Amino acid sequence: MSAWVWFFQLIQGVMALLLAPLLMGWMAYCRARFQHRRPSSLWQPLRQWIKLFHKEVVLAELASPLFRVTPYALFGILALTAGLVPMVLTDLPLSGAVDVIALAGLLSLARVILALAAMDVGTAFGSLGARREMLVAFLAEPALLMVIFASASLNASTSLSKMAATTLDRGFYLYPSLAFSGVAFLLVLLAENGRIPVDNPETHLELTMIHEAMILEYSGRHLALIEWANALKMLVYFSLGMVLFFPFGLSRGGSGWEIALSFIGFIIKLLIFGVALAILETVSAKQRLFRVPEYLGGAFLLAVLAILLHDLLGT
Amino acid sequence: MPHWNPVPFAQQLLDLFAALLLLIVFAMLSQRRILTLIHLFALQGMILALSIADSAWLTHQPHLYYSAALTLGLKGVILPGLLRRLIGRLGVVWDVETLINIPTTMLLGIVLVIFAFNLALPIAHFSHTILRNTLGIALASVLLSFMMMITRNKAVPQVIGFLAMENGLFFAATSATYGMPMVVELGVALDVLVGMFIFGIFFFQIRDTFDSLDTRKMDHLGRD
Amino acid sequence: MSPALLTVSLILAGWLVLALGSLVLTADWSRRLVFPLCALLSMGLVVACLGHDHSSVDTGYWPIGLAGEVTPVRLDSLSCFFLILLGLVSAAVSLYGAGYFRDMSQTQPEALHRVTFFYPLFLASMGGVLVADGAYGFMVAWEVMALSSWFLVTLDHDVLAIRQAGFLYLLMAHLGALCLMVCFGWLAVNGDFDFSAMRQAHREAGSASVIFLLGLLGFGAKAGLLPLHVWLPEAHPAAPSPVSALMSGVMLKMALYGMLRLLFDLLGHPLWWWGVVLIVVGSLTALFGVLLAALQFDIKRLLAWSSVENLGLLFSGVGLTVLFHSAGQDTVAALALAALLYHALNHSFFKGLLFLASGSVLHATRERKMAKLGGLIRVMPWVAGVALIGTLSLAGLPPFNGFVSEWLMLQAYLLRPDFPQAWLDMTLPLGAAVLALVGALSGYAMVKFYGIVFLGQSRGLDVTMVHDAGYWERSAMLWLAAGCLLLGVLPNQVMGYLNGLTQTLLGPEGRVSVAHQGWLWLTPLSSQRASYSPLILLGLIAMGVLMTWWGVRRTFHGRYRRAPAWDCGYPAQTWRMQDSADGFGQPIKQIFEGIFGLSRVIPDPQDPAPHYHSEVHDPFWSILYKPLTHLLERSSDLLSRVMRARIALYLLYSFLTLLGLLALVTGSVP
């Protein structure tokens, strides 16, 4: 049994690496469809990155070692987090190493490293992007922690597997507090992944960009690694959301069939999520940057309200 | 293992509606646009109606169904419609400016919620209805609507605040006692409707007198 | 006197001897001897205290004291912990000092002499505070600590700003000391000022509360709690960097020590509302401190404000402990207490490290303003490397030490038991929300600190002249950086040590059991509840990064080419186009504008040479201190009106006073 579990741990890591570009491709596909454009292939992101890997890296003259280490560090950290969040099985041998708070910490570690690297070359856009990223971060991070707090109060645990298992045991149950923190989580997810109301992942327009501004100086394999890491981050957020709010479909081990079934379940959830996000991005417009604090303040408030509701309704 | 006692689905739904009502009041508190405010108010009326219908289902009290239908018609459709026509006729398209900035309002709102919950706690112990948990939420939404009236300086948002407060009171009444007798409810509904007409007339009066709907200008009534 | 206590006493005496000995040596020799010997004694202190058993309490007397009395001293697990903290940090700072003051032996031998005299004295006085077991001994050590650090702060007393900062520091230190004296006076039992007598006494809730509030004022003034924080961001940057490191890293913790000693040892049974007061004051201080830290453009002031923040967090942790303890939830209280003590240790390490790194920057560039710095990573790789560790630790990121204590603190907040006061249940999450916000904001401040100072292009400074830190400095900073990493990845060892301490303070129930799954896993309460394994995490991160690197290199290639920065193709790029320190703080300024005083000068659109200027003020000056000084001035005006008269009138005053006193005396005689 033990060997199997380690095997699944490994499988999940590899699966996450592959699923992340596919998720990106799927979202681009859906968005193109909704906007009446001709969609590109699902494999397009992966193809693009492989092309980038083959290219030579052009380093800015001033770039320090920090700048060069960052893409690897970023990719390593995010691949690690993607390997640790339960996606198919509730319990993985290594998922005890980080609980959900430590997971949030890892995500912010990745962000801080990237922001520092963006400031390294000393260009106008780099520091602008870093500043905006940190602005989003210092508002989104407490909101995320409050979301986690609400779920943790409900499940009396911050361990990822335990939270998922408790919710599974309980069966389907309408929790107002979970509903609130779920919405808050969605808002945070959009902000942290640079999606539409906060940032536009598709433009290089000075007024809108946050994430793109930070990675302007990167090229070749460095750029590919960072973009891949970014896709992994989306996947991590998605699976974290599933663990916190909708772990149904996760398997607790058992037979191979069950695991295969829960894997299919995960894929279906991922597909639905992609469609939903694409709809959301199609119908909404990007906000002004200085509306972002209010947007994320709203997420924070929702999460705090969720905790209060949890106490009040006694559920 | 966390302690939780499974309750029927209708009850879960009710809790959810109560939470949504609170959320809507917060959304109203933070809203800058007047049209959205009216939409939120309509949504509040609808959810109120749904929650009453739900409690009717849960407690098998048919008269609550009528009450729900009345609420839906009056607060979900008629009043918002009236308000929308009113602002159309008045030609008010401006955004609402608040007296205190929105984050501070939100913080005050959270404090009010905690206060209201604690206020409701001893009352809830006496009450034996299944809805007692929601009493705190009802109280909180009354207080929050009141605060919304205070923090706005235009007449229309203030009136919406007033109506939202009435919604909160109504919800409190339902959650504490399974609703009032039908006669009382009809009377209240009529009152609200009449009140709305009076407000409508009042708006035009204010605008004709001051060329504005800013109630701050009414400070000078005595001196002019 | 037990061997451990004797060793500690001898080490403190050794510091005193060093202080006196430095007087007879030349400035250069005193630098060469005093600092390394101080470091040696510090290490000795750590060893002596680590060997001390938790359950045993050693008491003894020092044969010195006021009016021929003796001074009672005591070594228990609480003072041991803080002595270890003192030893670990002061060892590094002393090593650093040996190199840092090198230049001064030629240029300012007199000032150097002052340092070598007051520095060991400062160390000894802090040790004295920790072992004193009576109000007399405590207050004397406390005052010596304040004065010796004051002399170190005002080392460059030719500078007006430093004189002013020093004056403010002296004033606030003495206001605090005054409160403490009244506090101890109230605590004293029948004129007995020994702590042992105070422990035995039974107190009414009312008088205990007065004592608590006085203690909060006294220790709060030292810790820089709102609104008594004003001296801290002035005094800490004014001192030479090693002294700033010691003040921020260790001296502020003395206030924490005092508070813990007062609450859990001398008073015994804290009331629940004290906890609420502490949480509110601490959280507000933390929030305010981190906001102002994010807005500073002087590196040392930024760090000083961040110390205000961290002390706020520590005191809110004390509040949480009190709250849980008074509700009878000692296991949770122990978790909160262990978390805050852990954080105290962590803060000493990373703040000490960052102050030392900023000292090296200052030494190499002669510049403290962020507006002039930048790009130092390329000329000072050593300093930049260790400062990165300090930065990530301070920002509370895994797998470094700041994260562990933050994690534990959040776990303690999560475990809120049912309080008798229902509203507390709902208010506590707000405390956790503040903690989360403060953590995220400190990340912001630290990215600003590191990004502006070490990264980017140099802002007009000639970096070719800049040199990296010397060997003494490097070893000191490496020591602290290693501490940051080790404290981050081996939390169970630290928690195991703290376990004994929490039990002595909170009673037998106050256990922190964190090793349910072996030493690798930090599992407070139970493994089902939460677990965190930083060592495994570190290993996985390292593995992930290396495998990525290896995989990419293996599958593809490692070619690269250097070229000018692209920056969206803008041709003319100068260092002026990067964010300035001011610019980086802009979002914070915009969002929290209402909180602090902000004065802006916005240039006219027609102005050919526009100059934008904005300045952030600490609002407490205008709200609290200015009115206070006005009041003082007005009352002294009134007084001077009374005093303006001739000699006859003065005599009349004396005469009337005499008559009044006599009347009082006759009235009281039956």
Side-chain angles (χ1 to χ4, degrees), chain A residues 53-54 56-62 64 66 72-73 75-77 79-80 94 96-99 101-102 105-106 108-109 112 115-116 119-125 127-128 130-131 134-135 137-138 141-142 145-146 149 152-153 156-159 162 204 216-217 221 225 290 293 304 307-308 311, chain C residues 374-375 377-378 392 395 397-398 403 407 410-411 414 425-426 429-430 432-433 436-437 440-441 443-444 447 450-451 455-457 521 527-533 536-537 540-541 544-545 547-549 552 556 559-568 570 573 575 577-579 584 587 590-591:
Chain A
F53 273 121
H54 281 294
E56 182 188 46
V57 168
V58 182
L59 268 184
E61 269 153 5
L62 273 175
S64 72
L66 180 76
Y72 301 100
F75 186 84
I77 291 170
L80 171 68
L94 285 179
V98 288
D99 70 337
I101 298 174
L106 272 179
S108 59
L109 174 70
V112 164
L116 286 178
M119 294 181 82
D120 184 47
V121 180
T123 55
F125 279 112
S127 50
L128 173 142
R131 160 160 48 96
M134 291 317 287
L135 161 71
F138 90 75
E141 209 175 293
L145 269 177
M146 286 297 104
F149 217 88
S153 312
S157 170
T158 58
S159 139
K162 179 72 182 142
H204 281 271
L216 267 184
E217 297 303 321
R221 57 177 181 276
L225 280 174
F290 276 102
V304 171
I307 299 171
L308 289 184
D311 282 341
Chain C
I377 193 173
R378 283 174 282 278
L392 295 179
L397 297 172
F403 180 74
W407 187 82
L410 278 172
Q411 293 291 353
L414 254 174
D425 263 342
M426 294 180 206
L430 295 185
L437 187 61
L441 276 167
Y444 191 97
V447 167
Y450 196 81
L455 303 176
Q457 302 180 43
W521 307 80
S527 59
Q528 293 294 304
R529 178 98 211 174
S531 62
Y532 170 57
S533 172
I536 293 183
L537 190 63
L540 286 175
I541 290 177
V545 174
M547 266 172 58
T548 311
W549 184 81
V552 169
F556 303 101
R559 290 197 308 276
Y560 72 92
R561 173 163 60 87
R562 292 272 182 179
W566 178 51
D567 204 20
C568 266
Y570 284 96
Q573 294 175 35
W575 58 266
M577 293 167 84
Q578 312 170 81
D579 263 11
F584 205 89
Q590 190 108 6
I591 296 170

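Here is how names work: the chains are called A, B, and so on, in the same order as the sequence lines, proteins then strands, and each is numbered from 1. In this text, all values refer to a predicted model and were calculated from it rather than measured experimentally.
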> Going through the distances and angles, do A/S153 and C/L414 end up as a side-chain contact (heavy atoms from CB on, under 4.5 Å)?
Replying inline: CA-CA 7 Å; A/S153 312; C/L414 254 174; 4.1 Å; yes

Only pairs of heavy atoms separated by less than 4.5 Å count here; which of [options] has the most with chain A?
{"options": "C/Q590, C/Q411, C/R378", "answer": "C/R378"}
{"options": "C/P587, C/G451, C/S531, C/A432", "answer": "C/S531"}
{"options": "C/G544, C/G375, C/A436, C/G374", "answer": "C/A436"}
{"options": "C/L397, C/I377, C/D567", "answer": "C/D567"}

Side chain, backbone, both or neither: which part of [X] has a non-hydrogen atom closer than 4.5 Å to chain A?
{"X": "C/R529", "value": "both"}
{"X": "C/W575", "value": "neither"}
{"X": "C/L540", "value": "both"}
{"X": "C/A395", "value": "neither"}
{"X": "C/I536", "value": "side chain"}
{"X": "C/V447", "value": "both"}
{"X": "C/F403", "value": "side chain"}

How many angstroms lie between atom [atom1] of [X] and atom [atom2] of [Y], to the nearest 0.5 angstrom?
{"X": "C/R561", "Y": "A/E61", "atom1": "CZ", "atom2": "CD", "result": "11.0 Å"}
{"X": "A/E141", "Y": "C/L441", "atom1": "CD", "atom2": "CG", "result": "9.5 Å"}
{"X": "C/T548", "Y": "A/Y72", "atom1": "OG1", "atom2": "OH", "result": "9.0 Å"}

What are the two closest non-hydrogen atoms of [X] and [Y], and how far apart are they?
{"X": "A/F138", "Y": "C/Y444", "answer": "CD2-CD1, 3.7 Å"}
{"X": "C/R562", "Y": "A/L62", "answer": "NH1-C, 4.4 Å"}
{"X": "A/A73", "Y": "C/V545", "answer": "CA-CG2, 3.6 Å"}

>> Any non-hydrogen side-chain atom of A/V304 less than 4.5 Å from a side-chain atom of C/P429?
In response: no

> What's the verdict on side-chain contact (heavy atoms from CB on, under 4.5 Å) for C/Y532 and A/I101, showing C-alpha distance, side-chain angles and the deciding distance?
Replying inline: CA-CA 9 Å; C/Y532 170 57; A/I101 298 174; over 6 Å; no

> If you count the non-hydrogen atoms of other residues, nucleotides and ligands that lie under 6.0 Å from CE in C/M547, is the total more than 12?
Replying inline: no

Find the one option among [options] whose heavy-atom pairs under 4.5 Å with chain C are most numerous.
{"options": "A/A137, A/G105, A/G96", "value": "A/G96"}
{"options": "A/L308, A/L225, A/L106", "value": "A/L106"}
{"options": "A/S64, A/A102, A/A60, A/A97", "value": "A/A97"}
{"options": "A/T123, A/D120, A/V58, A/L109", "value": "A/D120"}
{"options": "A/R131, A/E56, A/M134, A/M146", "value": "A/R131"}
{"options": "A/A124, A/A79, A/A115", "value": "A/A124"}

>> Between A/L135 and chain C, with a heavy-atom cut-off of 4.5 Å, which part of the residue counts as in contact: side chain, backbone, both or neither?
In response: both

> Of the backbone (N, CA, C, O) and the side chain (C-beta and beyond), which part of A/L145 lies under 4.5 Å from a heavy atom of chain C, both, or neither?
Replying inline: side chain

> Run the side-chain contact (heavy atoms from CB on, under 4.5 Å) check on A/L80 and C/L537 step by step: do they pass?
Replying inline: CA-CA 9 Å; A/L80 171 68; C/L537 190 63; 4.0 Å; yes

>> Assess the residue pair C/L410 and A/T158 against the criterion (side-chain contact (heavy atoms from CB on, under 4.5 Å)); give the C-alpha distance rounded to whole Å, side-chain angles, the decisive distance to 0.1 Å, and a yes or no.
In response: CA-CA 10 Å; C/L410 278 172; A/T158 58; over 6 Å; no

> What class does the angle between the rings of C/F556 and A/F53 fall in, given that below 30° is parallel, 30 to 60° is tilted and above 60° is perpendicular?
Replying inline: parallel

>> Please check this pair: side chain of A/E217 against backbone of C/W566, looking for a donor-acceptor N/O pair closer than 3.5 Å.
In response: yes

